[in-house]
Amino acid sequence: MYQRNPMGHLNFLDTTPSLPFLPLFITILVASQIPLGCTREAHSSNFTCIESERQSLLRFKDSLTDESNRLSSWTGGDCCSWKGIGCHRTTGRVVTLDLRNLEQPELYEVYNTSYHCRSCLAGDQLSPSLVNLTNLRYLDLSLNNFSGIQIPTFLGLLKDLRYLNLSDAGFVGEVPHHLGNLSHLRYLDIGFSSSNNIPIDNNLRSNDVGWVARLSSLEYLFLRGVNLSNAGDGFLAVNMLPLLKTLDLENCRLVVPHLLHVNFTSLSSLKLGFNQFLNPTLPPWLRNLTGLQDLDLGANNLDDKVHDTFRQMTSLVNLELEGNHFDTSTLRSICNISSLTSLDMSDNELQGSIPSEIGQFPQLTLLGLSNNRLNDTIPSSLWQLTKLQELYIGENALTGELSEHHFAKLRELKRLYISPNLFSLHVSSSWVPPFQLQYIAMASVKIGPRFPNWLRTQKEIEALNMYNASISDAIPSWFGVLSNDFRAIILSGNKLEGSLNSIISAADADKKVVQMLILLLNDNHFTGSIPEDLCKLKTLIYLDLSDNHLSGRIPLCLGNLRNLRFLRLANNSLYGQIPGSLGNVGELIILQLSKNRFDGKLPPSMQNLKRLQFLDLGENRIAGTIPAWIGERLSDLEFLTLQSNNFHGGISNTLCQLPYLQVLNLAHNDLSGSIPHCFKNFTAMESTKSGTFPFSNESYLDPVLQIFKAGIELEYSKNIDSVKSISLSGNNLVGEIPDEIMGLVGLQTLNLSKNHLNGRIPKNIGNLKQLETLDLSMNELRGEIPPSLSSIYTLSFLNLSYNKLSGPIPSGNQLQTLNDPIYEGNIGLCGKPLLNSCPAGESPTENGPVLDDKGHSESDFSWFYAGFGPGFSVGVVGVVGILQFKKSWRYAVFKCLENAHDRIWVMIVLKTSRLRRNFH
Ligand SMILES: *[C@@H]1O[C@H](CO)[C@@H](O)[C@H](O)[C@H]1NC(C)=O
Ligand SMILES: *[C@@H]1O[C@H](CO)[C@@H](O)[C@H](O)[C@H]1NC(C)=O
Ligand SMILES: *[C@@H]1O[C@H](CO)[C@@H](O)[C@H](O)[C@H]1NC(C)=O
Ligand SMILES: *[C@@H]1O[C@H](CO)[C@@H](O)[C@H](O)[C@H]1NC(C)=O
Ligand SMILES: *[C@@H]1O[C@H](CO)[C@@H](O)[C@H](O)[C@H]1NC(C)=O
Ligand SMILES: *[C@@H]1O[C@H](CO)[C@@H](O)[C@H](O)[C@H]1NC(C)=O
Ligand SMILES: *[C@@H]1O[C@H](CO)[C@@H](O)[C@H](O)[C@H]1NC(C)=O
């Protein structure tokens, strides 16, 4: 945010507290000609404070909860010497009250759901005694936790205020219009910054921002994240402020009109990211802001048909245009603004080659062109940008071989994001790069086959992503995760070999406090066992060792990784019992241990994993009954897959206590008894909406879900939150198919095959309008095929073979065109597509083609044979729709994060510039 760092690029991983706005503070006070008596720590004064003010402060303190005793100095007579208080030099009156919370927790602490901010001042009612500090000019309550209370209206009585900062302090509700009475106010911040680690954001709205127009002295206004979607033409109120220098309306959902006259011509910083422009073309009034240095128009779906709006904005220094529809000609026109030090055009419609004019920015330190459609090789001029610190050109189709000489002049480079593209990196094994990188994202760049030796020279790496980088090598001994300051390592999808010992252990392991958050080594060729040293990485949040050749048991000490939220060890050769100590990892959301050789019963301690949403233990040798605690305690479960194990006994009603369950896979066990009627309680399956499962859009970060679809087992990792499926195939289930299942209208897959189910197929099976795969084969079902089955247009795989069904195959739709093996082994069935026609009186409609709702004739379904049923096409549209939706949604979600628990995704995605800006 502006006041903490004029560049606005904060290091998300940086844990040092940001400086308070000292320079600005001084400017404001000096400009207001307040003689500085004392500020917080400096108190060389010979006056004592005014007694009534002292009383007011004490009363205010009494209304606060101060767990960490930050206000311990608030005793004794001289309130001017108390921490956070500043008094006027001659009158002794309190002019400053600065209670900003400067403590920053470590990231891994914040991700823990039980994180509690001790250093935050809190309180559910702030004492109005503050009003007695009639000379108060500076009030800062930011970064505390006044969670759930409104901004007190009495603040509007502090008529002398020049500076008011209430950001990230948990205030909620309507912003009181009383703030509009603060006619001397020069600085107002009630927004949220998201650049701090403390997961406390405001949740404010203003339905009428008329009060803003009355703040006629205002120079700095930050309303970031305040919901102004009902504020109508609120922007006009802001336009009444002639002295405004900085305006931050990012993510306010405000309608930005085309102004006929701009008042705030002295603006130097304007942030309008994530709003809604009345007109998708760039507003012409921007050109009148001749002194503008920082401009943020990100995520507004803007374009620039004229291509010359920026040409005239020659004072710009930082320009953020990501998430719009600008094209390469706009980029060309921007290339004339030689004063730029930071340009971000990620997520736009840039295509073709990067224009060679890009070299015309001698001062450029940040260039963001990620996620466009750029192709061709990188122009040589780009490599001449010697001041570059951050280069983001990932997610394009850029090609070429990158070599040492390309990077030769980029001495300042700190963050390099070039993945994925079609690059290969060819450097000699003795290359010593001129830079020291902190973040490296080179996923899908061809770097191998050898492990890159030059990494050895990089002493400041915090995050390394070399997913799918064609490395087939052992990890060299110098690359120990413990001997570096790594926070994140992603080396998935290579052919790394050898034991994990080499990567985990290092000589000085015990001396370091390692704060590793993410370790993804999945999909490699690692062998040996899981080293106990891994348990030293106590701050790990995400650990993925799946798809390797690991053997042995899970080390008991893995249970010490209390912050883990994602643990995947799937598809190895691990064996033994699942250790009870895993039950200590109470933050786990995803646990995937499938495709190993685990045996024994599930440890009862697993019932402590109350946050689990994804539990996959499929394809092991786990025995026993399905424990009741799965339903009773793991009530957040959305995905439960226990298939291909040795579970026996009945399916207990306790499972029905899982309202969020959207995938239930118990296939290929030894389960007996009947299917519980209470399956109707799976309310998530009643809905066609996607679940809430955290997704990342990165294939290597999401768990892989195996789903029976179109007759085969498919592996899904994208959009698994939209999958709804029940599979109980290959057990010994008896009894009828409960009618209640037909209420789960969101189901896409229902696989009950290979059991001993009897009775009839429920008549109302046609309710399952989303069904794509229905397999009831190899049971003992009798009676007719319900005609309603033919009304499921999405059905692309059907198998009813080997039952005792009889009567005509219902006419209409695809049922008669689907291939006949699906009806095989049912002696009593007749009619098309079978060869035996039905006895007279039993035949389906035979007078011409049957039209479905959409007017297709039967014969149109010939493409069904190719496997492209309507389900398929709907599916594709659906998926594309979701992807497109999510692209824009990504901004919304990531920018409005309400708590730090979601920020983990942001950090590991490390991807769009927008995220970078707010969260690094
Ligand atoms: C405060 O102390 C200064 C010297 O340090 C002296 O000149 C001044 O008169 C004192 N003021 C009061 C109000 O005692
Ligand atoms: C903020 O305060 C609320 C209400 O007291 C509390 O529930 C919440 O946990 C607090 N947040 C943090 C991060 O301490
Ligand atoms: C303000 O001060 C007056 C005395 O100066 C006192 O009577 C009153 O209670 C104070 N008000 C508050 C809100 O503390
Ligand atoms: C510009 O500001 C002045 C003074 O605040 C106000 O009177 C005028 O209406 C404003 N003009 C517009 C177009 O808002
Ligand atoms: C921009 O400035 C020009 C010339 O100074 C003026 O004519 C025009 O009205 C201004 N436009 C707006 C929107 O203020
Ligand atoms: C690069 O993209 C442009 C515009 O989309 C296209 O016309 C051109 O054929 C592409 N070039 C290559 C080499 O793919
Ligand atoms: C199903 O849901 C209902 C209402 O939510 C609840 O009363 C009932 O106990 C649930 N059934 C089972 C078997 O959990």
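As the structure lists them, so they are numbered: ligands from 1, and atoms in each ligand from 1. Heads up: numbering here begins at 1 and tracks the sequence.
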Polar contact flag, side-chain donor to acceptor under 3.5 angstrom, [X]-[Y]:
| X | Y | value |
| --- | --- | --- |
| Q643 | H668 | no |
| N181 | R214 | yes |
| T654 | W629 | no |

**Prompt:** Is there a donor-acceptor pair under 3.5 Å between the side chain of T794 and the backbone N or O of L771?
**Reply:** yes
**Prompt:** Under the side chain to side chain donor-acceptor pair (under 3.5 Å) criterion, do T749 and N751 qualify, and how do the steps go?
**Reply:** CA-CA 6 Å; T749 293; N751 183 358; over 6 Å; no
One pair per line, please: each N/O atom of ligand 7 matched with every protein N/O atom under 3.5 Å away, atom names first, then the distance to 0.1 Å.
unit_1   : atom_1 : unit_2 : atom_2 : d
ligand 7 : 2 (O)  : N681   : OD1    : 3.1
ligand 7 : 2 (O)  : N681   : ND2    : 2.3
ligand 7 : 11 (N) : N681   : ND2    : 2.9

**Message:** When you compare ligand 4 with M240, is there at least one nitrogen or oxygen pair between them that comes in under 3.5 angstrom?
**Reply:** yes
**Asked** Residues two or more places apart in sequence or in another chain: which of them pass disulfide (SG to SG under 2.5 Å) with C678?
**Response** C656
**Asked** At under 4.0 Å between heavy atoms, which part of V262 makes contact with ligand 5: side chain, backbone, both or neither?
**Response** both
**Numbered atoms of ligand 5 (with element) below 4.0 Å of L259, judged on heavy atoms** = 13 (C)
**Fill in**
One finds that the ligand 5 atoms under 4.0 Å from a non-hydrogen atom of W285 are 13 (C)
**Distance flag, aromatic centroids of F277 and W285, threshold under 6.0 Å** = no
**Asked** Centroid-to-centroid, Y138 to Y187, below 6.0 Å?
**Response** no
